[in-house]
Protein chains: 2
Amino acid sequence: MDSKIFNLKSKLEVYKAMTGGGNFADCPVRDVIQGISGKWSSLLVMALAEKPYRFGELRRLVPDISQRMLTQTLYDLQRDGYVHREVFPTKPPSVEYSLTDLGRSMFAPLQMLIQWAELNHDAVREARATFDASSRA
Amino acid sequence: MDSKIFNLKSKLEVYKAMTGGGNFADCPVRDVIQGISGKWSSLLVMALAEKPYRFGELRRLVPDISQRMLTQTLYDLQRDGYVHREVFPTKPPSVEYSLTDLGRSMFAPLQMLIQWAELNHDAVREARATFDASSRA
DNA sequence: CAGCATCCAACAAGATACTG
DNA sequence: CAGTATCTTGTTGGATGCTG
């Protein structure tokens with residue numbers, strides 16, 4: 001993995017990257033972030049980061065996803081190059097999904113965010129409770 | 001900042017954290033991620049990571065956000081404890097928004113993802129083009 | 001200046017039924 | 001098994017007009 005991913009830039013530079021330097025319509029960072037900020041995308045990437053899974057296995061692994069959303073999210077992830085789809089011509093057919101190199105490299109920074117969330121969800125919940133309490137006052 | 005944020009856990013453990021270990025309805029990680037995965041949340045956090053801004057300044061800084069969404073997103077960020085809102089009783093009133101300590105600590109992993117996106121958006125665009133080309137065939 | 005209230009369009013997502 | 005197709009619903013976000 002390219003270590004340059006974690007070289008810090010100035011905050012302003014990062015912000016400019018996000019806004020596309022004023023070109024808001026076609027901003028590369030927004031474009032990429034959009035693709036992984038769906039309700040199920042990050043979850044499926046994390047599942048596949050463990051090991052490859054078949055369609056039905058993913059369904060059982062994430063019981064609250066609908067078939068439609070599983071199909072569509074996997075399709076989008078495949079289109080963006082994060083996921084590889086391999087069909088085995090058995091009868092009935094089986095399809096295996098796995099992360100590509102690009103998908104694995106994306107998993108690294110994503111994992112940082114997940115871990116932050118895990119460590120700080122108590123603080124967030126407490127902030128919400130405090131905020132709501134003083135709102136009612 | 002707590003360095004434990006970046007201690008790697010096993011991929012399976014991270015996945016379990018995301019799914020709430022089977023308790024999908026009240027999963028801490030999903031809960032936190034939801035709050036920052038909105039269309040404007042990360043963008044505003046990045047803007048405020050540079051320095052505090054007033055309402056009107058943020059509007060000019062992000063010209064394609066509507067007033068409604070700016071108000072609402074700032075409200076949500078404040079409720080979750082990422083943003084501090086300070087009213088100066090001038091006439092007319094001015095309101096300054098700034099990141100809290102929690103907001104700043106969240107900005108760090110977020111920045112990693114932004115930088116990954118910036119470095120890899122070409123690969124994603126290429127993957128899309130290749131995929132769409134073979135889809136038409 | 002910094003909002004709030006209202007209405008409306010667009011899209012994301014769920015439910016259900018059917019197929020190679 | 002691994003999808004597709006269709007319909008319906010819920011949420012997000014934008015436009016506009018008004019206020020302390």
Side-chain angles (χ1 to χ4, degrees), chain A residues 18-19 24-25 27 30-31 33-45 47-48 52-80 83-98 131 134-136, chain B residues 19 24-25 27 30-31 33-45 47-48 52-80 83-98 131 134-135:
Chain A
M18 183 75 176
T19 57
F24 293 94
C27 168
R30 283 196 200 183
D31 184 40
I33 297 293
Q34 278 292 97
I36 58 176
S37 67
K39 184 171 180 182
W40 304 107
S41 308
S42 57
L43 185 53
L44 290 178
V45 167
L48 294 175
Y53 280 110
R54 291 182 26 205
F55 189 87
E57 292 176 317
L58 285 171
R59 265 195 99 171
R60 284 186 290 278
L61 206 56
V62 188
D64 57 345
I65 193 173
S66 68
Q67 195 179 41
R68 175 173 150 37
M69 279 299 105
L70 181 54
T71 301
Q72 184 175 304
T73 306
L74 285 171
Y75 182 91
D76 292 342
L77 290 174
Q78 187 194 357
R79 179 171 181 269
D80 282 5
V83 162
H84 173 70
R85 177 178 184 270
E86 185 149 17
V87 182
F88 297 97
T90 55
K91 240 177 87 146
S94 74
V95 180
E96 188 182 85
Y97 293 92
S98 56
F131 185 86
S134 33
S135 287
R136 270 194 303 278
Chain B
T19 56
F24 295 94
C27 168
R30 284 195 200 183
D31 185 40
I33 297 293
Q34 278 291 98
I36 58 176
S37 65
K39 184 171 179 181
W40 304 107
S41 308
S42 57
L43 185 53
L44 290 178
V45 166
L48 294 175
Y53 280 109
R54 291 182 25 203
F55 189 88
E57 293 177 316
L58 285 172
R59 266 195 97 171
R60 284 186 291 279
L61 205 57
V62 188
D64 57 345
I65 193 174
S66 68
Q67 194 180 44
R68 182 190 185 305
M69 279 300 105
L70 182 53
T71 302
Q72 184 175 304
T73 307
L74 286 171
Y75 181 90
D76 292 342
L77 289 174
Q78 186 195 358
R79 183 171 113 93
D80 282 5
V83 162
H84 173 69
R85 177 177 185 270
E86 184 148 19
V87 182
F88 297 97
T90 55
K91 240 176 86 142
S94 74
V95 180
E96 189 181 84
Y97 293 91
S98 56
F131 184 86
S134 34
S135 286

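Excluded from the calculations below are hydrogen atoms, water molecules and symmetry mates; all remaining heavy atoms, backbone and side chain alike, are included. In the text below, chain A, chain B and the rest are named by the order of the sequence lines, each starting its count at 1.
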Query raised in the report: Counting just side-chain N and O atoms, does A:Lys39 come under 4.0 Å of either OP1 or OP2 of D:dT11?
Result: no
Query raised in the report: Taking only N and O in the side chain of B:Lys91, is any of them less than 4.0 Å away from OP1 or OP2 of D:dG20?
Result: no
[atom1] of [X] versus [atom2] of [N]: gap in Å, rounded?
X       : N      : atom1 : atom2 : result
B:Leu70 : D:dG14 : CG    : C1'   : 14 Å
B:Asp76 : D:dG13 : CG    : C1'   : 13 Å
A:Met69 : D:dA5  : CE    : P     : 14 Å
A:Gln72 : C:dA15 : CD    : P     : 15 Å
B:Ile65 : D:dT12 : CD1   : C1'   : 12 Å

Report summary line: d(A:Ser66 OG, A:Gln72 CD) to nearest 0.5 Å is 8.5 Å
Query - Side chain to side chain, B:Leu58 and B:Leu74, heavy atoms closer than 4.5 Å - result: yes
Query raised in the report: Does some side-chain heavy atom of B:Phe55 sit less than 4.5 Å from a side-chain heavy atom of B:Gln67?
Result: yes
Query raised in the report: Under the side-chain hydrogen bond (donor to acceptor under 3.5 Å, both in side chains) criterion, do B:Gln34 and B:Arg30 qualify, and how do the steps go?
Result: CA-CA 6 Å; B:Gln34 278 291 98; B:Arg30 284 195 200 183; over 6 Å; no
Which donor-acceptor pairs under 3.5 Å do the side chains of residues 88-95 of chain B make with protein atoms, sequence neighbours left out?
residue	atom	partner	partner atom	Å
B:Thr90	OG1	B:Phe88	O	3.4
B:Thr90	OG1	B:Pro92	O	2.8
B:Thr90	OG1	B:Ser94	N	3.4

Report summary line: Expected string for nucleotides 2-10 of chain C under the B/S/- scheme (protein heavy atoms, under 4.0 Å, primed atoms plus P, OP1, OP2 as sugar-phosphate) is SBB-B----
Requested in this report: State whether B:Lys39 and B:Asp64 are salt-bridged, where the test is any N-O pair (Lys NZ or Arg NE/NH1/NH2 against Asp/Glu carboxylate O) under 4.0 Å.
Outcome: no
